[in-house]
Amino acid sequence: MTNAATNPEHPHKPAWFDISTPDAPRARRFYQELFGWPVHVLDGTYALVGADGGEPTGGIGQSGPSSPYTGIVVYFQVADVDAALAAAEELGGRRRLEPQSLPGRGRIAVFDDPDGNPVGVLSA
């Protein structure tokens, strides 16, 4: 089966991670001290993780009552977010975060796999 989620033109490795937590400042300090991650706070709700002057590799955000998830979500690059989300649903997944555009980052969506694990997809 070849579709947007299994397209061989895209590597099957994580492209981004996101940590959503009820206490973002605490999480930023924890991961910064544990792993030595450079953390660049954008505002009170989100920070980018990545080398100074380099491309960020993930983010740490503040969750709240309307957040689609808390915890860690790994994002995988796909050619088409909508097609990958549809394929995930056909295979037993369930939408958690509807596709949306991010300035300068393309589009993202999150679904639960058949075991309930949140998984993200993103496109350039």
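Values reported hereafter were calculated over all heavy atoms of this structure, with side chains retained and with hydrogens, waters and symmetry mates removed.
- Taken from CD in Glu90 to CG in Leu85, the straight-line distance is 10.5 Å, to the nearest 0.5 Å.
- Asp113 places a side-chain N or O within donor-acceptor distance of the main-chain N or O of Asp115, the cut-off being under 3.5 Å.
- Here the shortest heavy-atom pairing between Ala79 and Ser123 reads O-CB, 4.0 Å.
- A continuous path of ILVMFWY side-chain contacts below 4.5 Å connects Val110 to Leu102, so both sit in one hydrophobic cluster.
- Hydrophobic clustering, with ILVMFWY side chains joined whenever heavy atoms are under 4.5 angstrom apart, keeps Trp16 apart from Val121.
- Between the side chains of Thr21 and Asp23, no donor N or O sits under 3.5 Å from an acceptor N or O.
- With respect to Arg107 and Asp82, a salt bridge is recorded, a charged nitrogen being found less than 4.0 Å from a carboxylate O.
- The two residues Val39 and Ala47 have their closest heavy-atom pair at CG1-CB, 3.6 Å.
- Distance CZ/Arg28 to CD/Gln62: 8.0 Å, rounded to 0.5 Å.
- In this structure, CD on Glu98 lies 11.5 Å from CD1 on Ile108, to the nearest 0.5 angstrom.
- The structure places CD1 of Ile60 at 9.0 Å from CD1 of Ile72, a figure rounded to the nearest 0.5 Å.
- Taking the side chain as every heavy atom from C-beta outward, Val119 and Val73 never approach each other to under 4.5 Å.
- The nearest pair of heavy atoms linking Ser20 to Ser63 is OG-CB, 3.2 Å.
- When all heavy atoms of Gly50 and His40 are compared, the pair lying nearest together is O-NE2, 3.2 Å.
- Enclosure of atom CD in Gln100 by more than 12 non-hydrogen atoms of other residues, nucleotides or ligands within 6.0 angstrom is indicated.
- Each of Tyr75, Trp37, Phe76 was checked for a ring-ring contact (aromatic ring centres under 6.0 Å, His included) with Phe17, and the lone residue meeting it is Trp37.
- No hydrogens or angles considered: a donor-acceptor pair under 3.5 Å links the side chains of Tyr69 and Asp18.
- Note that the CD atom of Gln77 and the CG atom of Leu122 stand 6.0 Å from one another [nearest 0.5 Å].
- Of the charged side-chain nitrogens involved, none lies within less than 4.0 Å of a carboxylate oxygen, so that Arg94 and Glu89 do not count as a salt-bridged pair.
- Clustering ILVMFWY residues whenever any of their side-chain heavy atoms sit less than 4.5 angstrom apart, transitively, puts Tyr46 in the very cluster that holds Leu97.
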